[in-house]
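See below for the structure under consideration.
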Amino acid sequence: MALRVYNTLTRTKEPFQTVAPGKVGMYVCGPTVYSNSHIGHMVGPVIFDTVKRYLAYLGYKVSWVVNITDVDDKLIVQAQKDGTTVKDLAERVTADYLDCLKALNVTGIDHMPRATEHIGDIIAINQGLIDKGFAYASGGDVYFDVSKADSYGKLSHRDPEELQAGARIEPSSLKRNPGDFALWKASKPGEPSWESPWGPGRPGWHIECSAMSLKILGQHFDIHGGGLDLVFPHHENELVQSESFTGVPFASYWMHNGLLTREGRKISKSDPDTIVLMADLLGEYEPDAIRLLLLSSHYRRPIDYGPTRLAEIARSLQTFHHAFDRFEELTGERFDALEAPTRRHDREGDESAEVKEHRRGFLDAMDDDFNTGGAVGELFEIVRILNRTAAGLTPDSPSHELIEYRAGMTALKELSNLLGLFGKLPDKKQAGGDALTGDLMSLLIELRARLRKEKHYALADEIRNRLTGLGVVLEDGPEGTRWRVEPKR
RNA sequence: GGCGCCGUAGCCAAGUGGUAAGGCAGAGGUCUGCAAAACCUCCACCCCCGGUUCGAAUCCGGGCGGCGCCUCCA
């Protein structure tokens, strides 16, 4: 199966074809940095990070841009509230954003341009649009004249007439048509401002994305992504101004991810309960749980989350962690140290037929518009197969059996990598501390083994229970007792 | 009102024409002194009503219900 991608422009899944052979340019709208990230800000990055991983796996050379909008009304208001400057606020919030991306293993971003670094480009587009008759200056502002672009509305599939009718008309408006939008805004005293042919001012909301995408990815690139809520007006406006400016098609594929709700409620600044900062969430749940939550259904569907849901996901993650521990016991290798293929290959390795089948299932799901939900299901199938195999193995099993088992694990590594999962596993044995902890645990386990041998079960069980209370889990198996520190839930 | 999305087990969720992946929870079992882990088994009249078809969760029509966007929310 070949990759197909749902395109908001055409409202269909289309075969994926790039502008330039073997290369993909991808632009995703990043945050306006006026307040620290909540989980909603992470949906796009995690999804498109996964998209990039898969495209790279298919052999494309991907250039991924996520912008930082660091000048905007909201920043101005917030900076005033905080008694700081727009610049300092933007820097602080951007740093938080980067921390969150790193925690969630979003590693694929190639460029992170700031709007304020592209003022010159923005002014040039303004001028170009005025020269071509698509925009006009009015009282120090510059507006895009939507009546001049007959394709306006093609992304959000809206009738330009109705957009006009429904638009808010401000009494003091300098607009010719109610639907016109600002490309450049005259600045008031005290606001960040730049010199321009129309006087001191700052960029409008949509223009910075056009400037940065055209600059870095060129006039016609492959994928433009963002949240579903950005389709209109942001992307519609970005699209019309870009194509009006360049005269060529802008992005080939528009991909929009679904939005997140918290326990059924829309995440919104006016409903403070719904806002949970990423920094807090990361203190409570392992990053893989958050990443898996976001990838456990199809990216275009809305996702609801809450403590119950996250705990459930974290629980299901344990299956993998246990399997990785078992793998280490049997082979002496750590799962996260396995070298797995980073390119798609249809020659198959030494893994079992069953693993091969689910590996194919995983890739088929990804080919179908990045169906990560279906792919995750295949991952669970594979881990079950490997656990079944492991149950019949010892470190001294015949080498062909261990080779097949290891090949299955390698396939699991290859696939989970595509989802950005299990990249950095906690070092179980050392999670509780240093070598001394290990020695103490060995001592405790040895003494307990003696108790068990002498059938002092009450005391042996008390030791185990009290360790559980400390977050240390003991498991008695045929080959002895193993221990591990349970990750936070 | 306009443009869309969605309704699959207690919960989450894949599946878009051939008779229902997976996860969590639950039940039974194997193993175990017990527990845990792991494995095995079980758990779905696919919102309702019509229609098309040899055959529909899947296509069409009509309901009912939930949700998003409609000028600065990721």
Side-chain angles (χ1 to χ4, degrees), chain A residues 8 11 13 28-32 37-45 47 69 72-74 146 153 156-159 161-163 165-170 178-182 204-206 225-234 236-237 256-261 264 266-270 292-293 296-298 300-305 308-309 311-319 322-323 325-326 358 361 365 368 371-381 383-392 452-453 455-458 460-461 464-465 468 473-478 481-482 484:
Chain A
T8 305
R11 290 183 172 169
K13 279 183 207 170
V28 175
C29 290
T32 298
S37 296
H38 61 255
I39 189 170
H41 294 107
M42 295 294 116
V43 180
I47 284 165
T69 297
D72 174 89
D73 292 358
K74 283 177 300 213
V146 295
S156 54
H157 302 274
R158 286 159 209 268
D159 180 353
E161 301 283 316
E162 277 165 22
L163 289 175
R168 190 170 66 201
I169 306 167
E170 289 149 40
D180 293 354
F181 55 91
W205 176 36
H206 319 293
L228 215 40
D229 56 339
L230 293 179
V231 176
F232 189 87
H234 183 59
E236 190 71 61
N237 292 353
H256 292 99
N257 58 270
L259 305 183
L260 208 64
T261 54
K266 186 186 170 186
I267 293 178
S268 129
K269 293 278 190 299
S270 55
L292 183 57
L293 167 78
S296 61
S297 72
H298 190 273
R300 269 185 285 119
R301 297 192 51 159
I303 302 171
D304 189 57
Y305 90 104
T308 314
R309 178 84 180 116
E312 187 184 307
I313 297 266
R315 177 75 196 85
S316 70
L317 235 28
Q318 291 301 306
T319 306
H322 293 153
D325 288 349
R326 185 77 185 122
H358 287 106
D368 185 11
N371 183 358
T372 54
V376 165
E378 304 293 342
L379 234 43
F380 277 96
E381 295 274 14
V383 79
R384 198 189 76 241
I385 293 163
L386 294 175
N387 277 334
R388 193 194 302 154
T389 307
R452 290 175 65 212
K453 203 172 173 189
K455 303 212 190 299
H456 288 126
Y457 293 123
D461 288 350
R464 187 174 59 200
N465 290 339
T468 303
V473 176
L474 292 191
E475 290 179 5
D476 299 324
T481 299
R482 62 183 109 137
R484 65 166 179 276

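We name chains A, B, ... by the order of the sequence lines, and we start the count at 1 in each one.
- Backbone-only engagement by A:Leu230 is indicated by non-hydrogen atom pairs under 4.0 Å involving sugar-phosphate atoms exclusively.
- Distance check on atom C1': B:G50 versus B:C64 gives 15 Å, rounded to whole Å.
- For A:His41, the ring pair (Phe, Tyr, Trp, His ring centres under 6.0 Å) test picks out A:His38, with sequence neighbours left out.
- OP1 or OP2 of B:G15 lies within a sub-4.0 Å distance of a side-chain N or O belonging to A:Asn371.
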When you check every protein heavy atom under 4.0 Å of nucleotides 17-33 of chain B, what one-letter string (B, S, -) results, 5' to 3'? ----BSBSS-------B
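- Between A:Trp205 atom CH2 and B:U71 atom C1' the separation is 8 Å, expressed in whole Å.
- Looking at heavy-atom distances under 4.0 Å, A:Asp229 makes contact with a base.
- A donor-acceptor contact shorter than 3.5 Å links the side chain of A:Glu236 to the backbone of A:Ser156.
- Legend: residues meeting ring pair (Phe, Tyr, Trp, His ring centres under 6.0 Å) with A:His234, ordered by chain and number and at least two apart, are A:Trp205, A:His206.
- Across all strands shown, B:G33 has no partner, as no Watson-Crick or G-U wobble contact with both distances under 3.5 Å is found.
- For the C1' atoms, the distance linking B:A56 with B:C48 amounts to 16 Å, nearest Å.
- By the salt bridge (charged side-chain N to carboxylate O under 4.0 Å, His left out) test, A:Asp304 is found to be paired with no residue, residues two or more places apart in sequence or in another chain being considered.
- Of the nucleotides present, B:G66 is the one that pairs with B:C5 by Watson-Crick or G-U wobble criteria, both distances under 3.5 Å.
- Rounded to whole Å, the P atom of B:C54 lies 36 Å from the corresponding atom of B:A13.
- Considering every non-hydrogen atom in both A:Val146 and A:Gly179, the closest pair reads CG1-O, 3.6 Å.
- Comparing the same atom, C1', in B:U58 and in B:G51 gives a spacing of 15 Å after rounding to whole Å.
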Under 3.5 Å between N/O atoms: give me all the protein pairs with nucleotides 56-58 of chain B, atom names plus distance.
none

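- Under the Watson-Crick and G-U wobble criteria, each requiring two contacts below 3.5 Å, nucleotide B:A44 is left unpaired.
- In this structure, A:Ile385 atom CD1 and B:A38 atom P are separated by 16 Å, rounded to whole Å.
- Using atom P as the reference point in both B:G1 and B:C12, the two lie 29 Å apart (nearest Å).
- Nucleotide B:C6 holds its C1' atom 14 Å from the CG atom of A:Leu259, rounded to whole Å.
- Pair assignment for B:U71 gives none, since no Watson-Crick or G-U wobble pairing has each distance under 3.5 Å.
- How far CG of A:Leu260 is from CD1 of A:Ile39: 5.0 Å, rounded to the nearest 0.5 Å.
- Atom name C1', nucleotides B:A36 and B:U30: the rounded distance is 15 Å, in whole Å.
- Under 4.0 angstrom from either OP1 or OP2 of B:A37 there lies no side-chain N or O belonging to A:His322.
- Remark on RNA chain B: of its neighbouring residues A:Gly264 and A:Cys29, the 5'-side contact belongs to A:Gly264, judged by nearest-heavy-atom nucleotide.
- Rounded to whole Å, the P atom of B:G23 lies 27 Å from the corresponding atom of B:C59.
- Between A:Ala323 and A:Asn387 the shortest heavy-atom distance is CB-OD1, 3.4 Å.
- When heavy atoms are screened at a 4.0 angstrom cut-off, A:His206 is found touching no nucleic acid atom at all.
- Checking B:C59 for Watson-Crick or G-U wobble geometry (two distances, each under 3.5 Å) identifies B:G51 as its partner.
- Between A:Arg309 and A:Glu312, at least one side-chain N (NZ, or NE/NH1/NH2) sits under 4.0 Å from a carboxylate O, which counts as a salt bridge.
- The base-pairing partner of B:U19, taking Watson-Crick or G-U wobble contacts with both distances under 3.5 Å, does not exist among the strands shown.
- Comparing B:A37 with B:C31, their C1' atoms are spaced 11 Å from each other, to the whole Å.
- Dashed line: the shortest gap from a side-chain N or O of A:Arg158 to OP1 or OP2 of B:U71 is not under 4.0 Å.
- Atom-to-atom, CZ of A:Phe232 to P of B:C73 comes out at 14 Å; the value is rounded to the nearest Å.
- Every residue two or more places apart in sequence or in another chain that forms a side-chain hydrogen bond (donor to acceptor under 3.5 Å, both in side chains) with A:Arg300 is listed here: A:Asp369.
- Annotation for A:Gly227 and A:His256: closest pair O-CD2, 3.5 Å, computed over non-hydrogen atoms.
- Between A:Arg11 and B:G4 there is a side-chain polar atom (N or O) within less than 4.0 angstrom of OP1 or OP2.
- Nucleotide B:C5 holds its P atom 13 Å from the NZ atom of A:Lys13, rounded to whole Å.
- Note: CG (A:Asn237) to C1' (B:U71) measures 8 Å, nearest angstrom.
- The minimum heavy-atom distance linking A:Ala390 with A:Arg326 is given by the pair O-NH2, 3.5 Å.
- Each of A:Ser296 and A:His41 was assigned the nucleotide of RNA chain B with the nearest heavy atom; the assignment lying further toward the 5' end belongs to A:Ser296.
- In this structure a side-chain-to-backbone donor-acceptor pair under 3.5 Å is present from A:Thr372 to A:Ser297.
- As judged by a 4.0 angstrom heavy-atom cut-off over every strand, A:Gly40 is placed among the base-contacting residues.
- Closest to the side chain of A:Val473, out of B:A36, B:C73, B:U16, is B:A36.
- In this structure, CD of A:Glu475 is placed 14 Å from C1' of B:C34, rounded to the nearest angstrom.
- Between the NZ atom of A:Lys266 and the C1' atom of B:A74 there is a distance of 11 Å, given to the nearest Å.
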